[in-house]
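I have placed the structure first, in the form of structure tokens, so that the comments after it can refer back to it.
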2 protein chains.
Amino acid sequence: MAQPRAGERILRVARDLFYRQGIRAIGVDEIVRRAGVTKPSLYRSFPSKDELAASYLRQYDLEFWARFDEAVAAHPGDPRAQIAAFLTRIGKRTQKPDYRGCGMTNAAVEYPEHGHPARVVSEANKQELRRRLRAMAAAMGAGDADTLGDGLLLLIEGAYISGQLFGAGGPAKSVARNADLLIEASLKK
Amino acid sequence: MAQPRAGERILRVARDLFYRQGIRAIGVDEIVRRAGVTKPSLYRSFPSKDELAASYLRQYDLEFWARFDEAVAAHPGDPRAQIAAFLTRIGKRTQKPDYRGCGMTNAAVEYPEHGHPARVVSEANKQELRRRLRAMAAAMGAGDADTLGDGLLLLIEGAYISGQLFGAGGPAKSVARNADLLIEASLKK
DNA sequence: AGGTATACGTACCGATCGGTAACATTGTCA
DNA sequence: TGACAATGTTACCGATCGGTACGTATACCT
């Protein structure tokens, strides 16, 4: 095969379709059709559609932390600037025309059932994000670091959702500004 | 019929199933089965499943504003206390074991397609919520009322999502506290 | 060249999807 | 009683769902 391996093509196409239209909205037939492969190829690389969705999210997880760590690395030792950099970027992304929020968050909404493969990946990602935000809040010297960390998480999740609800010009564009105000207020006390 | 009208029973069951498990996850067969009616009855009361979903959300919209206005009415002329009351209640609800967030928000995530009947209702609700939050922020005398109103919306949406992602003990329980900090910071300048 | 393992395609499975046609039954009210 | 509207019943539609049995082609190694 000159083409990349079937499994990789499938994951690439699935990632795109799942993110843009939702996991439940996309059938395996459409995935294999757009990937130019056949269904048995999908089921040789992935044990089920649910596991394919989980694989999509695991890849999403990697890319998410790459973006996060990029913002962190840009401002060594300055957690407040790290947060600002990360949120500024999120704020910009939410203003793009076909922004669809966070694949992790969306998957958790689509699969409320506890223990679903996709949801497991999503929950783990969010738990880790919460942990890191709280740690950064503590590093900033916040009086109540856990509350500030959680507040930042709420703003971030709100930006993900509002971004896809309101489109360009929506409330998500102010996420960095609001986060900064919240940080300022939390450091003062 | 001794029972309430078929259409009402269907809507009641659909509302429960759609909210808890998601709209795409529930088939019309399950709705009519749980409602103790038959499929033709559903399609005599509702032109399609999508319209049934929209009806569910229109009812949700009514109940949402009832809760909102209740918090408003409890503190006449004091928008800051109104917000606090509303958010305190949201924060409590998110800590309940099988909390599933906001039906409006979830529907918008499930149906990204622009113009879908369910999404239309959801978007209208969120636009109005944004309008009112900004108005309340202005009434508080915030320097940048639109930014504060949007910040409150981000916190609220974040609470809806985090509530169903993290369950009890999650970040959503701090939504009222963080909103108050944000308001405080926004009034100072 | 031949063997072998791996990858792929054709064709199909039963179940469920949203939705409907045709007709029987019921309660209400004139 | 008779007409009407609402609900019930049964059976069905084509399309799509996730998933698989089974035969074929290709690449590599000896």
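Reminder, nothing fancy here: chain letters follow the sequence lines and each chain counts from 1.
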Please report the shortest heavy-atom distance between Leu181(A) and Ala185(B), naming the atom on each side.
O-CB, 3.6 Å

Taking N and O atoms by type only, does the side chain of Arg44(B) place a donor or acceptor under 3.5 Å from a partner on the base of dG19(C)?
no

Find the distance Phe46(B):CZ to dA6(D):P and express it as a whole number of Å.
14 Å

Separation of dC17(C) atom P from Asp29(B) atom CG, nearest Å, is 6 Å

Separation between CE of Met140(A) and CG of Asp78(A), rounded to the nearest 0.5 Å
8.5 Å

Could you list by number each residue of residues 18-27 of chain B showing a heavy-atom separation from DNA chain C of less than 4.0 Å, or answer none if no residue does?
Ile26(B), Gly27(B)

In this structure, how many angstroms lie between the C1' atom of dG19(D) and the CD1 atom of Ile10(A), rounded?
14 Å

What is the distance from CD1 of Ile31(A) to C1' of dC17(D), rounded to the nearest Å?
12 Å

Please state whether the rings of Phe64(A) and Phe86(A) are parallel, tilted or perpendicular, taking 30° and 60° as the class boundaries.
perpendicular

Is a side-chain donor-acceptor pair under 3.5 Å present for Gln59(A) with Glu63(A)?
yes

Salt bridge check: are Glu128(A) and Arg131(A) linked by an N-O gap of less than 4.0 Å?
yes

Interatomic distance, Leu42(A) CG vs dG9(C) P [rounded to whole Å]
12 Å

Salt bridge or not between Arg58(B) and Glu51(B)? Use side-chain N to carboxylate O under 4.0 Å.
yes

Whole Å only: how far is the CZ atom of Arg33(B) from the P atom of dG8(D)?
16 Å

Spatial distance of atom CE (Met136(A)) from atom CD (Gln82(A)) [nearest 0.5 Å]:
4.5 Å

Under a 4.0 Å threshold between the charged nitrogen and the carboxylate oxygen, would Arg33(B) count as salt-bridged to Asp29(B)?
no

In whole angstroms, how far is the C1' atom of dG9(C) from the OH atom of Tyr43(A)?
16 Å

Let me have a per-nucleotide readout for nucleotides 10-15 of chain D, 5' to 3', with B, S or -, counting only protein heavy atoms under 4.0 Å.
B-----

Correct closest heavy-atom pair for Arg24(A) and Lys49(A) would be CA-NZ, 4.0 Å

Which whole-number value in Å describes the distance from Glu30(A) CD to dG19(D) C1'?
18 Å

According to a strict under-4.0 Å criterion, is Ser41(B) in side-chain N/O contact with OP1 or OP2 of dG8(D)?
yes

Between dG8(D), dG9(C), dG18(D), which nucleotide gets closest to the side-chain atoms of Val37(B)?
dG8(D)

